[in-house]
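Report on one structure; see the data block that follows.
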Amino acid sequence: MVKQPFEADTGRVLNIVINSLYSDKDIFLRELISNSSDAIDKRRFERLSSKSSTDEKIDYEIKIAVSSKENTISISDVGIGMDKDDLVNSLGTIAKSGTTEFLAKLEAAKGEDKSKSLNLIGQFGVGFYAAFMVSESVEVISKKDGSNKAFSWSSDGVTGFEIKDSSRDNVGTTVKLHLKKSEKDYTKREKLVEIVKKYSDHIQFPIIFLDGKSKDKDTLNDASAIWMKSKSDITDEQYNEFFSQSGGGFGQPLITLHNKAEGMISYTSLLFIPEMKPFDLFHVDRSPKVKLYANRVFITDTLDNVLPRWLRFMNGVLDTSDLNLNVSREMLQHSPALKRISKALKKKIINELKRLKDKDIDKFNKFWNEFGAVFKEGIYEDTDHKTDILKLSKFKSSNSEDEIYLSDYVEGMHKKQENIFYIAVDNIDQAMNSPHLEAFKSKKIDVLFLTDPIDTFWLSTQDNYDGKKFVSITQGSIDLSNFDEKKDDKITKEDVSKKFKDLTEGIKKSLGDNVTDVKISDKLIDSACCLVAPDSGMDVQMEKIMKMQNKDFKGMPRILEVNPNHSLMNHMSKILKSNQNEFDDLSKILLDQARLLEGHLPNDVSFYCKKINELITSKV
Ligand code: ADP
Ligand code: MG
C-alpha cells in the first residue's frame with residue numbers, strides 16, 4: 001500500500017507535540033498505557049455485555065517489552081483492537097474539532113508552566129503522538145475483536161503513514177517504538193518503573209515488564225482502581241495523578257469529591273472540579289466527563305444523564321453495583337438507579353460548594369470565577385436546585401467593587417425599595433456607561449449587572465429572589481421619585497411632560513414607526529436619550545440574543561426617552577417650528593445615539609456619519 005500523507009493539521013500538531021513538549025518526554029508512556037487501558041475497558045465490557053461471547057479466559061494485562069539491542073520498547077494490550085479504518089481514522093487524523101483550539105492553547109501555554117502543555121496532550125486526543133517525542137519511527141500492529149485479520153500502521157511522524165496487512169495471534173494492539181539513539185534509557189527497567197509509578201500506578205490492569213530474561217511476572221504498578229480504596233489510603237498526589245491521567249483537564253483538581261454510599265443504592269464516586277476551564281466548556285456537545293463503571297467494569301463515558309449539563313466542567317468516575325451490564329444504552333438513559341445516584345451526586349456537589357462558600361471562600365471564588373457562568377445554567381435547568389444555585393451565585397453591581405451575593409444586595413436595599421434592579425448587558429463597561437443607570441447612580445440605588453447570556457434565560461423562569469422581584473432598568477417605567485429624600489413636589493413629571501409635549505410629539509412624528517412612543521425621562525442625567533422596552537415587551541438583552549440566534553427575528557420598536565435638561569432638547573425645541581429638515585435629522589441622530597449606547601449600530605450608518613460630519617463642519 002502506498003504511503004498516505006498526514007492531513008495538513010495533523011502534520012502541524014505533530015510537529016508541535018514533538019518539539020515543544022521536549023522536556024516532558026516521559027509522558028509518552030502514560031499516554032500509551034492509558035490508551036491500552038481504555039481499549040481493554042472496551043473489550044471487557046463488550047464481552048461481558050454480549051451474550052454471544054465465548055468463555056475464553058483472557059488475562060487483562062498490559063505488557064511492556066524492551067530490547068536494548070534493537071533499542072525498542074513495545075506496549076501490548078489485549079484490548080478491543082483496531083481494523084484498517086480505525087487505524088486511519090484514529091491514528092492518521094487528530095480529533096478535528098479540537099485542533100485549532102489545541103494549537104491556540106499550546107501557543108498560550110508556551111513559556112508558562114510546563115505541566116499545562118503536558119496536560120494538553122491527553123485532553124485533545126493527541127496522546128498517541130507523544131510516542132514520536134522519543135521515537136524515530138512507530139509501528140502499530142493490531143487485530144480487532146471479532147476479526148481474523150491484523151494490520152500494521154507505521155510512520156516516521158513527519159511525512160505520513162503506511163498501512164499493511166500483518167499477522168498477530170491474539171486480539172489486541174502492540175505499539176512498537178523504534179527509539180531515537182539518544183533515548184536508550186527507556187529500555188531500562190529502572191526508568192520505566194519510575195515513570196509507571198509516577199503516572200500509571202492506579203491503572204487497574206497489571207502492567208507487566210518483559211525484558212526477555214527473567215521468568216517471574218514483574219508487575220510494575222499497584223493495579224487497583226483508586227476510587228475503590230478508602231480515602232485515608234490515598235495521597236493528594238495520587239488523586240492529582242488520577243485526575244490528569246483520566247483526562248481531567250489543565251492543572252490540578254480544585255475540588256475532589258470521593259464518596260461511598262451503601263444502602264438502598266450503593267455506589268462509589270470520585271469526582272473532580274478542575275482548577276481551570278476545559279477548552280471546550282462552551283461547545284454545544286460538551287457534557288460532564290464521568291466514566292461509568294459497574295463493579296469496576298467500564299461501561300461508558302458518553303452517557304449524559306449521570307450529571308446535568310450545568311455541571312459539565314466536572315469529570316471523574318462513578319462505579320455502582322446497581323447496574324446490570326446487559327442493558328442497552330437506551331435503558332441506561334432511563335435507569336431509575338442512575339437517576340437516584342445522579343440526584344444524590346448533585347446534592348453532594350451543591351453541599352460541598354455551600355460548605356466552601358462558608359469555610360473556604362478563596363476556593364469558592366476560584367470555582368466561581370472559572371465556572372460560575374456555566375453553573376448558573378442550573379437556575380434555568382434544574383427545578384430541584386435553582387434556589388440553591390441562586391444563593392451561591394455572585395454578580396457585579398453598580399455600588400460594589402467586588403461581586404456580591406443576592407443576599408448582600410437585599411441587605412443593602414434602600415428602605416423604600418421593593419424590587420431587585422438589574423441591567424442585562426454584554427459587559428461591565430457597557431453597564432457602567434448605560435444612560436439607564438444615571439439616575440440610579442446618583443440616587444445610590446444598587447443595580448445588578450447581568451453580563452452572562454444565560455442570565456437573561458434564567459430570569460425567564462425565576463422572577464424573584466426571596467420574594468423580591470427582578471426588575472430590568474431598561475424596561476418599562478420605573479418610578480424613582482420614591483427614593484428622593486424629600487419630595488419637593490412643585491414640578492412633577494407630568495408638568496415636565498406637558499411642557500415638552502410639542503417636542504416629544506415632534507420627535508415621534510420624525511421617527512415614525514421606528515419607535516412606539518417618545519417620552520420625557522426622569523432617569524437621565526448626562527445623556528440626551530435612551531431606549532426603553534415597553535412594560536410588556538422583551539428585555540433589550542434578551543432581544544439581542546434572540547437576534548443573534550435567528551437572523552429573521554425582528555425586535556419590537558421601543559420607547560425613546562429624552563432628557564428634558566439636556567441642551568440638545570433646548571436646541572431642538574427652538575428649531576421645531578422653523579427648520580423641520582434639521583429637526584428630522586436630529587431626531588434620527590438621537591435615536592442612533594440611543595442605539596449606539598446599547599452597543600448596536602445606527603439604523604443607517606452612512607447617514608449617521610454624513611450628518612455628524614456636516615454638524616461638525618457647520619461649527620467651524
Ligand atoms: P485519545 O486517547 O484521547 O482518544 P489518542 O491520540 O491517545 O487520543 O488515541 C487516539 C485513538 O486511537 C483512541 O481514541 C483510540 O480509538 C485509538 N487507539 C489508540 N491506542 C489504542 C489501543 N492500544 N487500542 C485500541 N485503540 C487505540
Ligand atoms: Mg489517549
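Computed over heavy atoms, backbone and side chain alike; hydrogens, waters and symmetry mates excluded. Small disclaimer: the values here were computed from a predicted structure and weren't measured.
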* Which residues pass the ring-ring contact (aromatic ring centres under 6.0 Å, His included) test with Tyr293, sequence neighbours left out? ->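 ring-ring contact (aromatic ring centres under 6.0 Å, His included) list for Tyr293, sorted by chain: Trp227, Phe298.
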
* **Partners meeting ring-ring contact (aromatic ring centres under 6.0 Å, His included) with Phe367 (sequence neighbours left out)** =>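 Testing Phe367 for ring-ring contact (aromatic ring centres under 6.0 Å, His included), a comparison that skips the adjacent residues, returns Phe313, Phe364, Phe375.
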
* To do: Not counting sequence neighbours, list each pair that qualifies as a ring pair (Phe, Tyr, Trp, His ring centres under 6.0 Å) and has a residue in residues 390-411.
  =>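 Sorted pair list comes back empty.
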
* Structure fact -> residues 371-380 vs salt bridge (charged side-chain N to carboxylate O under 4.0 Å, His left out), sequence neighbours excluded, gives Arg312-Glu377, Lys376-Asp452, Lys376-Asp455

Under the rule for side chain to side chain donor-acceptor pair (under 3.5 Å), what residues qualify as partners of [X], not counting sequence neighbours?
X      : value
Tyr239 : His258
Arg355 : Glu352
Ser147 : none
Ser397 : Ser400, Asp446

Checking [X] now: which residues fulfil side chain to side chain contact (heavy atoms under 4.5 Å, CB included) with it, not counting sequence neighbours?
X      : answer
Lys386 : Ile379, Thr461, Gln462
Asp201 : Lys197, Asn221, Asp222
Ser269 : Asn259, Tyr267, Leu271, Leu318, Leu345
Glu418 : none

* Asked: Going by atom types only, do Asp388 and His385 share a side-chain donor-acceptor pair under 3.5 Å?
  ->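 Checked: Asp388/His385 side chains pair up, N/O donor to acceptor below 3.5 Å.
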
* Asked: For residues Asn365 and Lys394, is any side-chain donor paired with an opposing acceptor at under 3.5 Å?
  -> yes

